[in-house]
Amino acid sequence: MGKLLKEYRVFASRKMRIIENLCLLGAFGLSILICGVLMGPALGMIFVSMTIVLVISFIDFYMFGGIAVKGQIMMDFVRSSYKGMDVVRKAIIEDAYINMARALIISLGSIIISDFILTKNFHPNNLVYALIIGFTVTSSVYFNQIITRKFAKTMMAHMGCIYILTIVASLLLVPPVVIIVLENGGIDIDYIGSVGIAGYIYLVIAILLAFVLNRILVKTCINGFKSGYRDTL
Amino acid sequence: MEFEKVISGKNIEKDYKSFKLNVPELNIPKGFATALIGENGAGKTTLLNILAGIRTDYKGELTYFGKYSDKDRESNPVVKEMIGYTGTDNYYLPHWTVEGVEELTSLLFDNFDKALFRKNYEDLAISADGSFEGGKKVSELSDGTKIKLVLASVLARDTDLLIMDEPASPLDPLMRDKLNDLIRTYLTEKEGRSVFFSTHNILDMESVTDYAIIMEHGEVVETGFVEDLKEKYILVKGELADIEKAKDILYTVSTNKYGFEGICLAENLDKLAGMDVTTETATLFQISVAIMKKNTRVK
């Protein structure tokens with residue numbers, strides 16, 4: 001584990017990552033309360049929660065440098081090394097895995113809360129659904145890596161390309177793929193209930209809400225610590 | 001003059017919206033310290049970034065160490081391992097510790113020597129008591145000390161070329177003197193090593209400068225070994241009465257109550273015949289300022 005996450009540990013501040021995760025959980029909790037109530041069914045709640053977590057993690061990371069690869073000055077240093085970009089890319093992938101783990105934990109938490117505590121009606125499809133999303137998002141991470149490695153010559157292009165692809169993958173690619181897979185698997189998507197146009201609208205509202213809340217919380221906490229962490233980005 | 005080159009370039013171009021770097025020919029001598037001089041916005045950082053492989057969106061051809069192209073630089077790990085680079089500012093993130101910097105640099109560069117880094121850390125007196133403080137955060141260091149940390153790191157690698165962008169600017173006079181010593185030591189420790197640095201602190205860096213490249217508005221306007229430049233450009237001092245006649249052939253003129261002084265081309269000295277003037281060897285600072293003034297757009 002230590003060796004696997006070497007690059008990630010070097011680039012990221014452990015304390016800041018903990019703060020970010022806590023803030024993300026807080027923002028996520030508030031959003032899911034609102035959207036979960038609106039969407040009703042437990043699976044809809046998980047769907048929203050998973051997507052929110054993933055999208056926010058990616059946007060937060062790529063736009064605001066969760067792992068701090070955006071600082072252009074530091075990128076000069078990285079670019080001066082032959083393998084610098086590979087080290088950063090590896091750190092990015094490691095960060096994506098961490099986001100995945102975080103999303104799965106929150107998803108399972110949602111299942112426990114909704115199915116076992118709130119509705120007392122466990123549905124095994126929920127677990128399948130969580131795994132499908134996980135694999136789809138992981139694929140999109142690799143897709144990003146392949147695309148940016150092939151076409152992006154400068155760091156800004158690299159970051160821009162990742163950012164756009166992430167948005168596209170998260171907002172467009174993931175939900176339809178999941179729905180198709182669920183349908184082909186004989187799972188009744190009516191059960192999901194809100195994963196239609198209304199679902200998308202709720203989803204977008206939830207994402208924006210969680211995103212804003214997350215940024216406010218992160219900024220407040222980090223300013224509280226006066227680390228200057230974000231000032232360089 | 002023919003000399004062995006550590007980097008040579010042809011038709012290097014980089015377009016920005018309001019600025020264009022255009023260097024038809026660039027030669028940096030091998031085995032010497034070369035200063036890149038020019039006013040703010042002359043294109044120094046852009047050129048250094050291109051040479052260090054930080055910017056790759058440019059036109060032109062580059063040759064490193066007489067045998068590697070700029071394509072090799074991006075595809076052959078040997079080239080960038082041979083080049084040490086320091087930017088205009090500290091590029092370590094504030095939450096990193098000194099040990100984090102050490103770990104990151106060893107991740108990025110195969111030729112990074114941790115023991116040498118710690119020795120450099122102590123030699124450069126980065127900590128108050130001279131000891132290695134691995135847990136110290138970058139954010140706790142002063143601006144000058146951050147640059148010392150960058151220097152400790154880059155000098156802990158076995159490179160053949162150092163590219164440094166304004167290394168002297170954040171340093172105090174004592175440390176600038178130390179920087180000159182470091183450059184001299186770097187050059188003499190291993191044969192064929194070269195240093196290419198940009199500077200506004202020409203006076204402080206003159207003692208270590210062998211070759212100078214002067215840029216203005218994205219173009220190289222003068223190059224040469226310092227000793228040759230000092231033969232090419234002469235400092236002229238004369239009576240105030242002659243100033244009007246002398247003005248035409250002088251690059252720059254300054255006056256005081258005793259007379260005037262300015263820089264002119266040695267080949268134009270005969271045009272001052274008949275005037276009561278004395279000549280002296282100009283410093284690199286005086287030559288650089290004269291050339292910059294001649295080419296500047298600053299009124």
Side-chain angles (χ1 to χ4, degrees), chain A residues 2-20 64-91 94 149 151-158 160 221-223 225-233, chain B residues 14 45 48-58 68 72-97 99-112 137-140 146 149-150 153-154 157 159 161-165:
Chain A
K3 195 178 177 184
L4 276 174
L5 298 178
K6 195 174 179 186
E7 286 78 8
Y8 171 77
R9 281 190 294 104
V10 171
F11 279 98
S13 152
R14 184 182 298 169
K15 186 168 74 180
M16 290 308 142
R17 296 301 296 178
I18 292 168
I19 292 168
E20 282 202 349
F64 298 96
I67 213 169
V69 294
K70 263 197 80 180
Q72 193 59 40
I73 294 170
M74 192 205 75
M75 284 319 301
D76 290 354
F77 178 48
V78 170
R79 289 281 306 155
S80 72
S81 158
Y82 172 75
K83 56 183 179 179
M85 292 305 287
D86 282 335
V87 170
V88 171
R89 285 182 187 121
K90 202 173 167 197
E94 286 169 354
R149 190 182 289 246
F151 297 109
K153 287 184 179 174
T154 67
M155 193 55 205
M156 290 314 286
H158 178 82
C221 291
I222 288 175
N223 283 348
F225 277 91
K226 291 182 180 172
S227 72
Y229 172 64
R230 298 266 164 199
D231 296 342
T232 57
L233 302 175
Chain B
K14 168 67 192 159
T45 296
L48 289 174
N49 284 347
I50 288 171
L51 298 182
I54 290 157
R55 291 211 76 98
T56 51
D57 51 344
Y58 61 88
Y68 300 110
D72 295 331
R73 184 193 63 204
E74 299 305 317
S75 61
N76 185 345
V78 170
V79 185
K80 279 192 176 176
E81 283 287 313
M82 290 165 81
I83 301 172
Y85 167 80
T86 67
T88 46
D89 202 353
N90 157 60
Y91 38 46
Y92 301 138
L93 294 177
H95 65 261
W96 288 353
T97 60
E99 272 177 350
V101 169
E102 185 183 63
E103 195 178 349
L104 175 65
T105 315
S106 67
L107 265 178
L108 296 179
F109 301 101
D110 291 336
N111 56 5
F112 178 72
K137 283 186 177 178
V138 171
S139 58
E140 294 167 17
K146 285 173 189 167
L149 187 62
V150 172
S153 168
V154 78
R157 292 175 49 214
T159 56
L161 167 65
L162 272 187
I163 296 178
M164 299 194 284
D165 196 355

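Every value quoted in this text rests on a predicted model; they were computed, and no experiment measured them.
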Response to the item:
If one checks every heavy atom of B:Glu99 against chain A at 4.5 Å, the contacting part turns out to be neither
Worksheet item: Atom CG in B:Leu108, atom OG in A:Ser80: separation rounded to 0.5 Å?
Response: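 Answer for the CG-OG pair, B:Leu108 versus A:Ser80, is 7.5 Å.
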Worksheet item: How many angstroms lie between OG in A:Ser81 and CD1 in B:Ile83, if you round to the nearest 0.5 Å?
Response: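 Reported value, rounded in 0.5 Å steps: 11.5 Å.
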Worksheet item: How would you list, by chain and number, every residue that makes a side chain to side chain donor-acceptor pair (under 3.5 Å) with B:Tyr68, sequence neighbours excluded?
Response: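 Checked B:Tyr68 against side chain to side chain donor-acceptor pair (under 3.5 Å); zero matches.
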Discussion item. Under the rule for side chain to side chain donor-acceptor pair (under 3.5 Å), what residues qualify as partners of B:Asp110, not counting sequence neighbours?
Written reply: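 With sequence neighbours excluded, B:Asp110 shows a side chain to side chain donor-acceptor pair (under 3.5 Å) to A:Lys83, given in chain and number order.
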Worksheet entry | Over all atoms of both residues, closest heavy-atom pair of B:Lys80 and A:Tyr82 | CD-N, 3.6 Å
